[in-house]
2 protein chains.
Amino acid sequence: MAEQTKAARRTPLTRDRVLRAAVVLADDIGIEALSMRKLAQELGVVPMALYKHVANKEQLLDGMVDVVVGEIEPPVAGADWKSAVRRRILSARRALVGHSWAAQVIRTRSGPTPAVLAYMDSVIGMFRTGGFSVDLTHHAMHALGSRMMGFTQELFDASPGPDPRTRPARPQEDAGEYPYVRELAGAVAHDEGSVVGQGCDDQFEFEFALDLLLDGFERLRRQGWSSAGRSGGRTT
Amino acid sequence: MAEQTKAARRTPLTRDRVLRAAVVLADDIGIEALSMRKLAQELGVVPMALYKHVANKEQLLDGMVDVVVGEIEPPVAGADWKSAVRRRILSARRALVGHSWAAQVIRTRSGPTPAVLAYMDSVIGMFRTGGFSVDLTHHAMHALGSRMMGFTQELFDASPGPDPRTRPARPQEDAGEYPYVRELAGAVAHDEGSVVGQGCDDQFEFEFALDLLLDGFERLRRQGWSSAGRSGGRTT
DNA sequence: ACCTGAACACCGTTCAAGT
DNA sequence: ACCTGAACACCGTTCAAGT
């Protein structure tokens with residue numbers, strides 16, 4: 001009877017339930033604080049029970065990425081390549097927003113998960129059907145880098161983290177040091193936030209850089225650019 | 001006498017010696033395997049001895065970043081803004097190459113260390129003296145993001161890591177899935193490496209994207225671009 | 001056959017006891 | 001006053017003992 005009460009208290013564990021709980025927990029307490037033990041506790045389960053559904057923590061992280069990436073809206077049909085790619089990337093950005101850990105976790109995976117691969121495939125397809133050569137598409141994908149998935153490629157994580165006390169004190173800006181940094185920080189005119197990555201309109205900065213790259217791609221496509229003549233080309 | 005032998009066996013610990021040993025150790029065993037305890041052992045010292053020179057592990061990582069960033073060559077004088085910025089960024093890239101952990105560590109710092117701030121100041125200065133408005137400089141710095149420090153902003157870490165066994169098996173590419181990924185991967189014509197981030201000429205990809213951005217900046221500068229008319233502008 | 005508690009080999013860091 | 005061993009509160013994961 002006692003066991004029955006315990007068993008009934010929770011719907012049975014599934015891989016999906018484990019992954020979704022992990023996503024929520026990481027959203028709440030941050031990715032660096034997410035542990036197998038805390039996740040188990042959150043699910044009202046003994047730690048070892050998780051290992052029936054994920055082989056190890058790495059696989060848990062892979063699964064979490066797939067949950068988030070799976071929420072990206074499907075591509076819209078019938079548009080020129082540039083607005084199609086632009087919309088797809090901005091919709092990826094919308095899906096990943098709110099999961100501040102996602103960028104870092106995706107980047108530290110040793111390879112793409114199936115959902116990421118499917119997403120990449122759709123973006124590559126937009127370039128190809130838009131008249132890009134395989135060669136130029138390849139370099140465009142590299143140039144986009146993780147911006148392809150909607151991450152801002154800032155120098156520092158904008159996420160304040162759970163413990164603002166560990167934040168290093170703003171360096172002495174009263175001294176004449178870093179005059180250009182000061183000028184720029186002053187012009188942004190936000191009293192809070194780090195020099196780069198905060199106190200700014202992230203969405204604007206993201207689209208600014210994205211459009212700069214997309215316009216560059218379009219220019220190269222029109223002039224039939226190819227990497228064939230690059231220095232030190234194919235040696236094999 | 002015994003103590004004297006022990007004391008003489010090692011030159012006395014300094015903050016600098018601790019940081020340099022940490023850099024070498026991270027290069028060797030990877031950043032995720034670097035621990036205070038292993039570092040102490042490497043230095044022939046009890047773990048707690050390190051805490052005389054760094055307050056905690058976070059400060060150790062800050063110090064490691066400064067060691068690496070401090071090795072970036074100083075800027076060259078007397079060039080147009082574009083080649084000056086280009087050279088500075090490529091020299092940062094040279095300094096960080098070989099420290100595959102540096103990109104990730106810099107990004108996860110909650111703010112810039114002094115050496116990073118000094119570097120950023122010099123880059124910002126190049127834009128400003130090159131005729132860029134504060135406004136455009138600001139957005140250009142965001143668009144460069146961590147590429148400003150010479151990182152490739154790839155979607156996945158190219159570093160294979162110490163344990164290639166944990167690498168997820170390449171997804172089934174025999175099936176008709178991911179046709180565009182397959183086409184692109186085939187064209188790159190390297191049998192080893194992940195879809196994006198490996199088996200490619202990293203330096204070429206880096207310069208390709210960098211030049212695309214720099215050319216875009218120059219175009220905007222010439223036409224006197226300003227963000228003043230942006231949608232939903234300053235609301236305060 | 002399934003589940004799970006204890007245990008193992010780590011971590012960063014505190015703190016009190018030694019010199 | 002300085003240094004440091006043991007201890008604390010964690011980790012991911014193994015494994016053998018229980019049902």
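Small disclaimer: the values here were computed from a predicted structure and weren't measured. In what follows, chains carry the letters A, B, and so on, assigned in the order in which the sequence lines appear, proteins first and then strands, with residues in each chain numbered from 1.
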Can you name the closest pair of heavy atoms from [X] and [Y] and give their distance?
{"X": "A:Phe151", "Y": "A:Ala103", "answer": "CZ-CA, 3.4 Å"}
{"X": "B:Met149", "Y": "B:Leu96", "answer": "O-CD1, 3.5 Å"}
{"X": "B:Pro12", "Y": "B:Arg17", "answer": "O-NE, 3.4 Å"}
{"X": "B:Asp121", "Y": "A:Val181", "answer": "OD1-N, 2.7 Å"}
{"X": "B:Trp101", "Y": "B:Ala26", "answer": "NE1-CB, 3.6 Å"}

Gap between atoms CD and C1', on A:Gln41 and C:dT4 respectively (whole Å): 17 Å
Length of the CG-P vector between A:Leu13 and C:dC3, whole Å: 10 Å
Pair A:Arg109 + A:Glu58: basic N to acidic O under 4.0 Å: yes
Identify all pairs in which a protein N or O lies below 3.5 Å from an N or O of nucleotides 11-15 of chain D, and state each distance.
unit_1: D:dC11; atom_1: OP1; unit_2: A:Ser35; atom_2: OG; d: 3.1
unit_1: D:dG12; atom_1: OP1; unit_2: A:Met36; atom_2: N; d: 3.1
unit_1: D:dG12; atom_1: OP1; unit_2: A:Lys57; atom_2: NZ; d: 3.1
unit_1: D:dG12; atom_1: OP2; unit_2: A:Met36; atom_2: N; d: 3.1
unit_1: D:dG12; atom_1: N7; unit_2: A:Arg37; atom_2: NH1; d: 2.3
unit_1: D:dG12; atom_1: O6; unit_2: A:Arg37; atom_2: NH1; d: 3.0
unit_1: D:dT13; atom_1: OP2; unit_2: A:Tyr51; atom_2: OH; d: 2.9
unit_1: D:dT13; atom_1: OP2; unit_2: A:Lys57; atom_2: N; d: 3.0

Verdict with supporting geometry, A:Arg93 and A:Gln203, side chain to side chain donor-acceptor pair (under 3.5 Å): CA-CA 9 Å; A:Arg93 183 172 168 79; A:Gln203 186 68 23; 2.7 Å; yes
Nearest-Å distance once atom P is located in both D:dG18 and C:dC8: 16 Å
Side chain to side chain donor-acceptor pair (under 3.5 Å) assessment of B:Asp66 paired with B:Thr113: CA-CA 7 Å; B:Asp66 270 3; B:Thr113 60; 2.4 Å; yes
Pair assignment for DNA chain D - dot-bracket with | for other-strand partners, Watson-Crick or G-U under 3.5 Å: ||.|||||...|||||.||
